[in-house]
Amino acid sequence: MDDIKLHTDEPRLAALLGFRERVWQLVAAIPRGHVATYGQIATLAGSPQQSRLVGRILSRLPTDTRLPWYRVINAHGKISNPNPVRQQQLLEQDGIEVKLYRVKLPAYQWLP
DNA sequence: CCTATGACCATAG
DNA sequence: CCTATGGCCATAG
């Protein structure tokens, strides 16, 4: 359901897809070993004020999604997920250092 | 169509 | 470090 399908070139795609689909696309593009913030994804998706919606969209992903949703954290570098233990484990599997549910953003933030 | 909801964010205290 | 507040607006129902 959250699989990304590119049928056309980028600009056209952005115009056709809704915000939610662009969020999926962007999250899928976060490289292993890096993180992005909700606000960053919202900005890249074209709506800088929609950080809240990014969290809401991620919260609705199916449990078996292959999207690396766990690479998205808040602007303070902290995990916002109500179940932070799993997210921390997944980040650590990526080789990211997490202390008390916090990540050093300057070291790990994705810069597209 | 109308409304409530948010895994946010910046700011203020 | 913490809590409180207002803004934001696509999405879900």
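Just so it is clear, the model here is predicted, and its values are computed rather than measured. Proteins come first, then strands; the chains are lettered A, B, ... in the order of their sequence lines, and each starts at number 1.
Atom pair A/Trp24:CH2 and C/dA10:P shows a separation of 16 Å (rounding to whole Å applied). In this structure, CG of A/Leu91 is placed 13 Å from C1' of B/dA7, rounded to the nearest angstrom. A straight line from CG of A/Leu53 to P of C/dC9 spans 11 Å, rounded to a whole angstrom. Rounded to an integer number of Å, the gap from CD of A/Gln40 to C1' of B/dA10 is 17 Å. Whole-Å rounding puts the A/Ile57 CD1 to B/dC8 C1' distance at 12 Å. Atom-to-atom, NE2 of A/His76 to P of C/dT3 comes out at 12 Å; the value is rounded to the nearest Å.
The nearest heavy atom of DNA chain C to A/Ser47 and to A/Lys78 marks one nucleotide each, and the one closer to the 5' end goes with A/Lys78. Nearer the 5' end of DNA chain C, as judged by each residue's closest nucleotide, is the contact made by A/Gln49, out of A/Arg60 and A/Gln49.
Across all non-hydrogen atoms, the minimal contact from A/Pro84 to A/Ile79 is CB-CG2, 3.7 Å. Of all heavy-atom pairs spanning A/Ala42 and A/Ser51, the tightest one is CB-N, 3.6 Å. Across A/Leu90 and A/Trp69, no two heavy atoms sit closer than the pair CD1-CZ2, 3.7 Å.
The side chain of A/Gln50 lies closest to C/dA10 when the candidates are C/dA10, B/dA7, B/dG6. Candidate nucleotides B/dA7, C/dC2, C/dT11 were compared by shortest atom distance to the side chain of A/Arg56, and C/dT11 ranks first.
Within 4.0 Å (heavy atoms only), A/Phe19 reaches sugar-phosphate atoms of the nucleic acid but no base atom. Residue contacts shown for A/Ser51 include a base, since a base heavy atom lies under 4.0 Å away.
Expressed to the nearest 0.5 Å, how far CD of A/Gln109 lies from CD1 of A/Ile30 amounts to 10.0 Å. To the nearest 0.5 Å, the span separating CD1 on A/Ile73 from CD on A/Gln40 amounts to 9.5 Å.
For B/dC9, the paired nucleotide is C/dG6, the pair qualifying as Watson-Crick or G-U wobble because both relevant distances are below 3.5 Å.
Contact annotation: A/Arg102 reaches the phosphate of C/dC1 (side-chain N/O to OP1 or OP2, under 4.0 Å). Considering only side-chain N and O atoms, A/Ser59 lies under 4.0 angstrom from the phosphate OP1 or OP2 of B/dA7. Between C/dA12 and A/Arg20, a contact under 4.0 Å exists linking OP1 or OP2 to a side-chain N or O.
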